[in-house]
Amino acid sequence: MIATKESAIDKFMKMVEQRNPAQTEFHQAVYEVALAVIPFIEQHPEYQKANILERMIEAERILIFRVPWMDDAGNFRVNRGYRVQMNNAIGPYKGGLRFHPNVTLSVLKFLAFEQVFKNSLTTLPMGGGKGGSDFDPKGKSDNEVMRFCQSFMTELFRHIGKDTDIPAGDIGVGSREIGFLFGQFKRLTNEFTGVLTGKGFAYGGSLIRPEATGYGLLFFVDEMLKLKGDSIKGKKVLISGSGNVAQYAIEKTIAFGGIPITASDSDGFIYDPKGITTEKLAFLFDLKNNRRGRIVEYAEKFGCEYFEGERPWKIPADVALPCAVQNELNEDDAQMLVDNGCRLVAEGANMPTTPAAIALLQRNGILYAPGKATNAGGVAVSGLEMSQNSVRLFWTREEVENRLKGIMQKIHEQCIAYGKNADGSIDYLRGANIGGFVRVADAMLAEGHV
Ligand code: NDP
Ligand code: 2IT
């Protein structure tokens with residue numbers, strides 16, 4: 001029998017799994033980074049000697065707390081709250097809050113870990129963190145959501161601050177929730193500071209922050225296609241989700257001349273072969289943001305097909321933009337995309353593509369770019385919101401959008417710098433992971449063994 005030498009990556013992952021039992025989403029996020037970064041570290045003994053990657057996978061601090069609240073019927077309810085403060089080597093912890101029944105420590109650790117690399121890629125001074133709760137805002141009244149947010153902040157406020165940790169939104173946390181959270185922070189501390197981003201414009205928010213993730217995604221896709229001498233004009237685009245990221249990804253796809261043909265929620269997806277137009281998108285905005293309704297109503301209103309319990313990836317198109325949730329595009333979905341002639345997959349969501357699906361896309365020469373690069377526009381404009389709060393000024397829409405575009409272009413350049421293959425093609429996965437790693441690793445080296 002030939003003894004096979006265990007690879008450094010396998011050994012590393014075994015350690016990660018032992019130290020973080022059953023945290024499968026966290027393992028998956030670490031594995032993606034390890035695949036790219038371990039071979040890179042092997043050529044850089046300074047990182048190896050200082051055990052940088054082993055230190056990066058250990059959160060600096062994790063807070064877990066009880067969130068008691070009372071529903072409208074007077075029942076005593078309780079949820080679990082979290083904040084994962086992953087890494088503050090290059091700036092205060094920064095990252096969103098997710099309210100969703102599937103939230104676990106594993107999910108928030110994966111998100112916080114990815115956030116460290118993403119925030120580094122933006123080139124802004126932001127460390128990485130993430131938090132949230134297994135609270136489900138769906139079906140709750142505004143008053144119930146307010147009481148929950150106030151109770152959540154009543155514990156969280158001790159651990160955050162404008163120079164310590166700056167939360168924002170994510171799934172289930174939009175402008176309504178940020179408003180309630182900010183109000184309670186202000187009341188508890190008697191301070192008006194930029195401790196949260198994604199605030200309403202009336203009380204310190206930035207223009208273009210709601211649009212930023214979706215717009216940034218399309219700016220990045222535009223760079224990817226430009227490099228190939230191509231553009232999104234006239235291309236059919238599959239989009240999943242119908243929340244914040246999906247809505248503005250649809251808007252910018254239309255602005256670039258592309259044809260968005262799908263949108264979804266956790267119940268199913270709609271297929272509009274003629275394309276979601278600006279007028280239809282206005283209906284979707286109202287449906288999802290004001291009426292908090294289901295996507296099936298779009299199909300009823302505009303007479304298009306609705307596929308209950310399914311995801312959009314079986315529909316033939318040129319481009320796929322998963323903008324809903326982790327692991328929503330698996331190997332079978334990737335095979336369907338390849339078979340149907342899709343040329344590009346870029347992630348609006350965090351970790352929506354499974355490792356097997358990514359491998360299949362890359363094997364088949366599909367342009368694939370990971371969320372930590374492509375969806376960084378949201379946190380980038382959060383960084384710009386922090387800057388505006390610090391100088392107590394507001395920038396115009398044009399100013400913020402131009403900065404966002406410039407940041408997405410710089411992220412694309414970093415992917416090229418670290419991800420260019422010998423044949424000239426770009427491995428965006430490798431480029432984003434190494435590009436994000438280097439700045440954090442250099443800061444950690446400089447700051448000593450802390
Ligand atoms: P929203 O809450 O606004 O929207 C989430 C969307 O995803 C909804 O359409 C929701 O449908 C759908 N969804 C949630 N869970 C599932 C599921 N299990 N299966 C299918 N669909 C599901 O969140 P965002 O748009 O803000 O976030 C979407 C993704 O983008 C997330 O992965 C988030 O981490 C990521 N992201 C967000 C950023 C931001 O600035 N907001 C920045 C960068 C990344 P339903 O209403 O039925 O639950
Ligand atoms: O995943 C993400 O980057 C976000 N949810 C946005 C985080 C932020 O701090 O704006």
Side-chain angles (χ1 to χ4, degrees), residues 25 91-103 107-108 110-119 121-122 124 126-132 136-139 165-178 194-199 205-206 208-217 239-250 263-270 284-285 287-289 292-296 298 309-312 321-329 347-353 370-386:
E25 293 88 358
Y93 308 109
K94 178 85 196 88
L97 296 171
R98 178 177 291 192
F99 292 170
H100 191 279
N102 293 347
V103 161
V107 167
L108 296 179
F110 116 63
L111 289 163
F113 184 67
E114 292 230 319
Q115 199 82 45
V116 173
F117 293 77
K118 183 195 306 193
N119 293 3
L121 283 168
T122 67
L124 300 175
M126 301 183 290
K130 201 90 187 188
D136 188 357
K138 229 181 280 168
D165 184 352
I166 306 92
D170 192 81
I171 292 180
V173 179
S175 57
R176 174 182 61 170
E177 290 74 16
I178 293 292
V195 68
L196 290 157
T197 60
K199 299 185 291 298
S206 174
I208 301 291
R209 176 61 188 89
E211 294 88 341
T213 312
Y215 279 18
L217 172 65
I239 291 172
S240 65
S242 49
N244 172 266
V245 179
Q247 290 167 12
Y248 289 102
I250 293 171
S264 71
D265 60 22
S266 49
D267 292 336
F269 79 92
I270 59 102
L284 189 67
F285 273 120
L287 173 69
K288 285 294 173 182
N289 305 347
R292 298 182 189 271
R294 310 307 299 160
I295 196 76
V296 64
Y298 179 104
E310 291 191 63
R311 301 185 293 217
L321 306 176
C323 294
V325 71
Q326 65 271 10
N327 293 326
E328 57 166 317
L329 198 164
E347 299 180 337
N350 287 307
M351 210 169 75
T353 317
K372 54 172 75 79
T374 49
N375 71 34
V379 76
V381 174
S382 278
L384 302 180
E385 182 172 330
M386 289 161 66

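Just follow the structure's listing: the first ligand is 1, and inside any ligand the first atom is 1.
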Taking the side chain as every heavy atom from C-beta outward, state whether [X] and [Y] have any pair of such atoms under 4.5 Å apart.
{"X": "Met351", "Y": "Glu328", "answer": "no"}
{"X": "Val379", "Y": "Thr122", "answer": "yes"}
{"X": "Val381", "Y": "Thr213", "answer": "no"}

Pocket residues of ligand 2, ordered first by chain and then by residue number (heavy-atom cut-off under 4.0 Å):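 Its neighbours under 4.0 Å (heavy atoms only) are Lys94, Gly95, Gly96, Gln115, Lys118, Lys130, Ala168, Gly169, Asp170, Arg209, Asn350, Gly378, Val379, Ser382, given by chain and number.
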Fit a plane to each ring of Tyr248 and Phe285, take the angle between them on a 0 to 90° scale, and name the class: parallel (under 30°), tilted (30 to 60°) or perpendicular (over 60°).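 Tyr248 and Phe285: tilted rings.
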Would you please say whether a donor-acceptor pair under 3.5 Å links the side chains of Thr197 and Lys94?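 Yes, a side-chain donor-acceptor pair sits under 3.5 Å.
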Over all heavy atoms of both residues, which pair between Pro137 and Gly172 is shortest? Give the atoms and the distance, please.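 The pair with the smallest heavy-atom distance is CG-O, 3.5 Å.
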I'd like to know if the side chain of Asn350 reaches the main chain of Leu111, judged simply by a donor and an acceptor atom lying under 3.5 Å from each other, with no hydrogens or angles considered.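 Here the side-chain-to-backbone pair does not exist.
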Would you call Arg209 and Glu385 a salt bridge, taking side-chain N to carboxylate O under 4.0 Å as the test?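 Looking at Glu385 together with Arg209, the answer is no, because their closest N to O distance does not fall below 4.0 Å.
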With Ile171, the side chain to side chain contact (heavy atoms under 4.5 Å, CB included) member among Asn244, Val325, Val107, Asn102: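 One option only clears the test, and that one is Val325.
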Shell of residues surrounding ligand 1, defined by a 4.0 angstrom heavy-atom cut-off that is strict: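 Within 4.0 Å of ligand 1, the protein residues are Arg98, His100, Lys118, Lys138, Asp170, Ile171, Gly172, Arg209, Thr213, Gly241, Ser242, Gly243, Asn244, Val245, Ser264, Asp265, Ser266, Arg294, Cys323, Ala324, Val325, Gly348, Ala349, Asn350, Asn375.
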